[in-house]
K.L.:
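Below are the structure tokens for one structure; questions will follow.
For reference, positions follow the sequence shown, starting with 1.
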Amino acid sequence: MAITKYPKYANTIPGVQTTVNDSAITGTSSSSDKKLMLVGTSEGGEPGVVYKFTNYSNAKDVLRSGDLLDAIQLAWNPTPDGTYYAGDILATRAQPATQASLVEGPLTFTSDLYSSLANEIQVSLTDNLITNTKRLNIRFNTDNVNTTYDNLGNVLVLSYSGTFNYASAQVHHDDTGYADTLTLKAGASQSTATVVSTIDLGSSSAQPKLGDLINTINNISGFTADFFSVGNHNIYSYYLDSTDEVPLKTSETTFTALAGDILNAVEYDNTVSVSYDPFGGVVSEPTNVAVNVSNGVATITATAETAEVPVTNFSATNLTGGSTGISPSSWANYFNLFSNEDGAFYIVPLTADQSIQSEANAYVQAQANLANPMRVIVGGGISESKKEAISRAAQLDSDRGYLVANSVQITNATTGTTASYPAYMAAAMVAGIASGLPKGDSVTYKYLNIVGCDVTFDIDDLNSLDGAGVIAIQHVRNSSSTSSFRITDDVSTYASNGSTSPVDTEMGVGEASDMIVTAANNYIDNNLIGQKVAANSPSTIKTKMLSFLDGATTNGLIYAYDASNVTVTTINQDGSKWQIDMVVDISRNIKHVSLGLVYDQSTLSTSTSTS
């Protein structure tokens with residue numbers, strides 16, 4: 001028997017604390033909705049970011065390769081017939097990695113990829129002599145990427161066909177290096193021309209993009225504006241390059257915004273992103289330096305002069321600085337990233353490191369104490385022995401921790417090759433099944449989509465492992481299943497210390513208990529906490545709880561309950577504290593069957609007929 005409180009510690013703030021007594025357990029199972037969390041290494045993805053994956057293609061685009069991607073594939077394909085598999089997968093990369101970058105004048109190109117592979121990305125900017133524009137090329141041979149963005153730079157054309165002999169336009173930049181106004185003039189000559197319109201530019205103006213600016217100019221008598229004829233150039237107007245006063249004619253005059261055009265073109269590129277600093281991060285020597293001494297205190301003043309850096313051509317150049325580091329000795333910070341993820345339940349650290357596995361166990365225990373129940377499934381390396389598995393279980397020793405003993409052999413459906421995967425990858429398969437099963441169902445005797453185990457345990461070994469709290473994979477001869485390998489039990493590592501409570505020692509029953517507790521806490525939060533005392537009495541609260549139990553029974557969270565075993569009492573005179581006690585039948589899973597067969601013998605007789 002065990003008595004457990006959720007959350008473990010009572011809070012001062014209003015809330016609910018549920019006490020679970022599992023001394024008399026019987027029951028059945030229900031549906032499931034439990035997200036799987038994976039922590040491990042990969043070739044892609046930003047370290048320390050939780051990604052939610054709903055399909056393998058998306059996971060491969062982000063993670064590229066490595067344990068994380070392999071585990072995702074296995075968790076979504078753990079059984080030979082596809083009956084059970086993980087739902088949404090939450091994954092985070094547990095290793096340091098950096099992006100590669102390239103600075104060319106005011107432009108900085110940064111790889112989307114966090115990896116040393118990103119150093120193979122090349123970028124170049126060259127002339128397009130046909131359209132008198134620029135051509136940006138991004139090449140990444142590893143991914144067969146060879147992308148060219150053409151006709152860049154020329155973005156806007158202006159002309160004047162009004163009554164005056166002279167007209168001009170001028171783009172002005174403010175101190176930040178971005179365009180703030182476009183001034184249009186007209187008159188008999190340049191010296192006598194007057195301002196027709198000063199048009200504000202920028203995201204906060206009435207002309208945030210060039211399309212808006214074009215519409216504004218076309219409403220001014222005599223002036224005509226349009227996009228440059230080739231390409232998509234509806235960029236933000238503040239990217240226009242600065243100009244002196246430019247005379248306008250009846251023929252089109254071109255205005256440029258090369259940096260803004262590049263940023264616009266590359267906005268949805270999957271290989272690099274681009275940022276822009278008009279001054280290229282360079283500040284020139286200060287001028288107007290003055291020193292003033294007063295009362296023994298010297299004050300120095302100076303003016304920092306800056307100059308805009310133009311975008312210029314450059315030949316194919318590799319990005320640099322990308323790195324893929326070694327996974328750290330502690331993953332505690334990575335586990336903590338999942339604390340606010342709704343529905344996160346099973347977590348698998350993709351490592352054989354026992355200290356990291358202990359951190360994962362400490363994390364799920366801490367979350368359970370905060371009324372956010374989770375469970376961890378771990379595994380060892382390649383070809384570990386029975387003795388090593390039992391030692392691992394004894395060290396983990398957790399009512400929320402499960403250890404898979406076997407490393408497994410899996411055949412790649414595409415290449416036909418067979419490879420061994422460590423036991424922690426088999427743990428991802430077991431977790432995939434547990435995630436996909438209805439709430440409270442057991443992984444016991446579920447078949448795995450594997451072709452072999454690196455170490456085969458005999459029946460004595462399997463019994464020893466089960467008694468020590470280790471989940472093993474059993475080879476079944478003459479099986480009618482498409483796989484000959486099944487999970488022996490859903491025992492927790494807590495079984496190694498002699499516990500007899502199924503909530504503590506069986507994954508399915510422990511999961512069912514977590515789901516009941518979570519549902520009850522949520523129901524009380526939403527229907528009792530914060531409600532007026534005058535509107536509630538023991539009988540009305542009991543009615544509410546019976547309604548909850550009816551729903552829980554319908555949904556399969558509990559098997560049965562007796563209304564007479566639901567009691568509600570007030571703890572204090574003002575009615576602000578209540579005690580609710582309920583006795584319910586939690587779901588159980590069949591583990592042992594004794595079959596008795598009695599053979600009988602029939603006496604055959606013959607009869608003779610005459611015609």
Side-chain angles (χ1 to χ4, degrees), residues 36 38-41 56 65-86 89 346-354 357 376-390 392-393 396 402-437 442-459 461-462 464-466 468-477 479 481-491 493 507:
L36 173 60
L38 298 175
V39 185
T41 58
Y56 180 77
S65 63
D67 278 355
L68 269 180
L69 185 63
D70 289 344
I72 287 173
Q73 184 178 28
L74 295 177
W76 275 331
N77 300 276
T79 61
D81 56 4
T83 303
Y84 306 110
Y85 50 90
I89 293 180
Y346 284 108
I347 187 167
V348 180
L350 300 173
T351 176
D353 189 305
Q354 290 179 274
Q357 293 174 353
V376 60
I377 305 177
V378 302
I382 298 285
S383 298
E384 291 193 0
S385 66
K386 178 183 73 173
K387 182 178 179 181
E388 289 174 302
I390 291 174
R392 282 181 176 273
L396 195 60
Y402 308 87
L403 172 70
V404 178
N406 304 72
S407 56
V408 295
Q409 298 166 5
I410 299 173
T411 299
N412 187 299
T414 303
T415 64
T417 58
T418 299
S420 291
Y421 288 79
Y424 63 76
M425 299 299 280
M429 301 181 77
V430 173
I433 295 174
S435 171
L437 284 169
S442 172
V443 299
T444 302
Y445 272 38
K446 301 303 185 291
Y447 283 86
L448 291 171
N449 190 20
I450 63 176
V451 297
C453 293
D454 292 314
V455 176
T456 301
F457 299 115
D458 61 27
I459 189 63
D461 294 331
L462 294 173
S464 296
L465 290 167
D466 195 74
V470 180
I471 296 174
I473 300 170
Q474 177 185 16
H475 179 242
V476 184
R477 292 183 175 86
S479 170
S481 171
T482 53
S483 171
S484 298
F485 297 88
R486 69 188 181 195
I487 302 167
T488 56
D489 202 354
D490 67 349
V491 64
T493 56
M507 185 189 304

K.L.:
Test Thr493 against Val470 for side-chain contact (heavy atoms from CB on, under 4.5 Å), laying out the working first.
P.N.:
CA-CA 6 Å; Thr493 56; Val470 180; over 6 Å; no
K.L.:
Going by heavy atoms in the side chains, are Leu448 and Ile473 under 4.5 Å from each other?
P.N.:
yes
K.L.:
Show the numbers, then the answer: is there a side-chain contact (heavy atoms from CB on, under 4.5 Å) between Val348 and Val39?
P.N.:
CA-CA 6 Å; Val348 180; Val39 185; over 6 Å; no
K.L.:
The criterion is salt bridge (Lys or Arg N to Asp or Glu O under 4.0 Å); which residues satisfy it with Lys446, sequence neighbours excluded?
P.N.:
none
K.L.:
With rounding to the nearest 0.5 angstrom, report the NZ to CG distance, Lys386 to Asn406.
P.N.:
13.0 Å
K.L.:
So how far is it from Ser442 OG to Ile487 CD1, rounded to the nearest 0.5 Å?
P.N.:
8.5 Å
K.L.:
Return a table of donor-acceptor pairs under 3.5 angstrom between the side chains of residues 419-433 and protein atoms on other chains or two or more places apart.
P.N.:
unit_1	atom_1	unit_2	atom_2	d
Ser420	OG	Asp454	OD1	2.8
Ser420	OG	Asp454	OD2	3.4
Tyr424	OH	Asp67	OD2	2.8

K.L.:
Is there a side-chain contact between Thr444 and Thr488 (heavy atoms, below 4.5 Å)?
P.N.:
no
K.L.:
Can you confirm whether Val455 sits close enough to Ser385 that some side-chain heavy atom of one is under 4.5 Å from a side-chain heavy atom of the other?
P.N.:
no
K.L.:
Do the non-hydrogen side-chain atoms of Phe457 and Leu465 ever get within less than 4.5 Å of each other?
P.N.:
yes
K.L.:
Do Asn449 and Thr79 come close enough that some side-chain heavy atom pair is under 4.5 Å?
P.N.:
no
K.L.:
Using side chain to side chain donor-acceptor pair (under 3.5 Å) as the criterion, list what pairs up with Asp353, not counting sequence neighbours.
P.N.:
Ser355
K.L.:
Could you check whether any side-chain N or O of Trp76 sits under 3.5 Å from a backbone N or O of Tyr85, counting only pairs where one atom can act as donor and the other as acceptor?
P.N.:
no
K.L.:
Quick one: side-chain contact (heavy atoms from CB on, under 4.5 Å) partners of Thr83, sequence neighbours excluded?
P.N.:
Asp81
K.L.:
Determine whether Leu74 and Ile72 make a side-chain contact, defined as any pair of heavy atoms from C-beta on separated by less than 4.5 Å.
P.N.:
no
K.L.:
To check you understand the geometry: which heavy-atom pair defines the closest contact between Gln357 and Thr351, and what is its length?
P.N.:
NE2-O, 2.9 Å
K.L.:
Is there a side-chain contact between Val443 and Met507, using heavy atoms and a 4.5 Å cut-off?
P.N.:
yes
K.L.:
Which residues satisfy the side chain to side chain donor-acceptor pair (under 3.5 Å) test with Tyr56, sequence neighbours excluded?
P.N.:
none
K.L.:
Identify the two heavy atoms, one from Gly379 and one from Leu403, that lie closest to each other, and give their separation to 0.1 Å.
P.N.:
CA-CD1, 3.9 Å
K.L.:
Are any non-hydrogen side-chain atoms of Phe485 and Cys453 less than 4.5 angstrom apart?
P.N.:
yes
K.L.:
Counting only N and O atoms by type, is there a donor-acceptor contact under 3.5 Å from the side chain of Asp466 to the main-chain atoms of Leu462?
P.N.:
no
K.L.:
Step by step, would you call Ser407 with Glu384 a side-chain contact (heavy atoms from CB on, under 4.5 Å)?
P.N.:
CA-CA 8 Å; Ser407 56; Glu384 291 193 0; over 6 Å; no
K.L.:
Are the side chain of Arg392 and the backbone N or O of Val378 linked by a donor-acceptor pair below 3.5 Å?
P.N.:
no
K.L.:
Looking at every non-hydrogen atom in both residues, tell me the closest pair between Ala405 and Ala472 and how far apart they are.
P.N.:
CB-CA, 4.5 Å
K.L.:
Look up atom NZ in Lys387 and atom CG in Asp461, then write down how far apart they are to the nearest 0.5 Å.
P.N.:
14.0 Å
K.L.:
Using salt bridge (Lys or Arg N to Asp or Glu O under 4.0 Å) as the criterion, list what pairs up with Asp70, not counting sequence neighbours.
P.N.:
none
K.L.:
State whether the side chain of Ser484 and the backbone N or O of His475 hold a donor-acceptor pair below 3.5 Å, judged by distance alone.
P.N.:
no
K.L.:
Could you walk me through whether Leu68 and Thr41 satisfy the side-chain contact (heavy atoms from CB on, under 4.5 Å) test, starting with their C-alpha distance in whole Å, then the side-chain angles of each, then the deciding distance to 0.1 Å, before giving a yes or no?
P.N.:
CA-CA 6 Å; Leu68 269 180; Thr41 58; over 6 Å; no
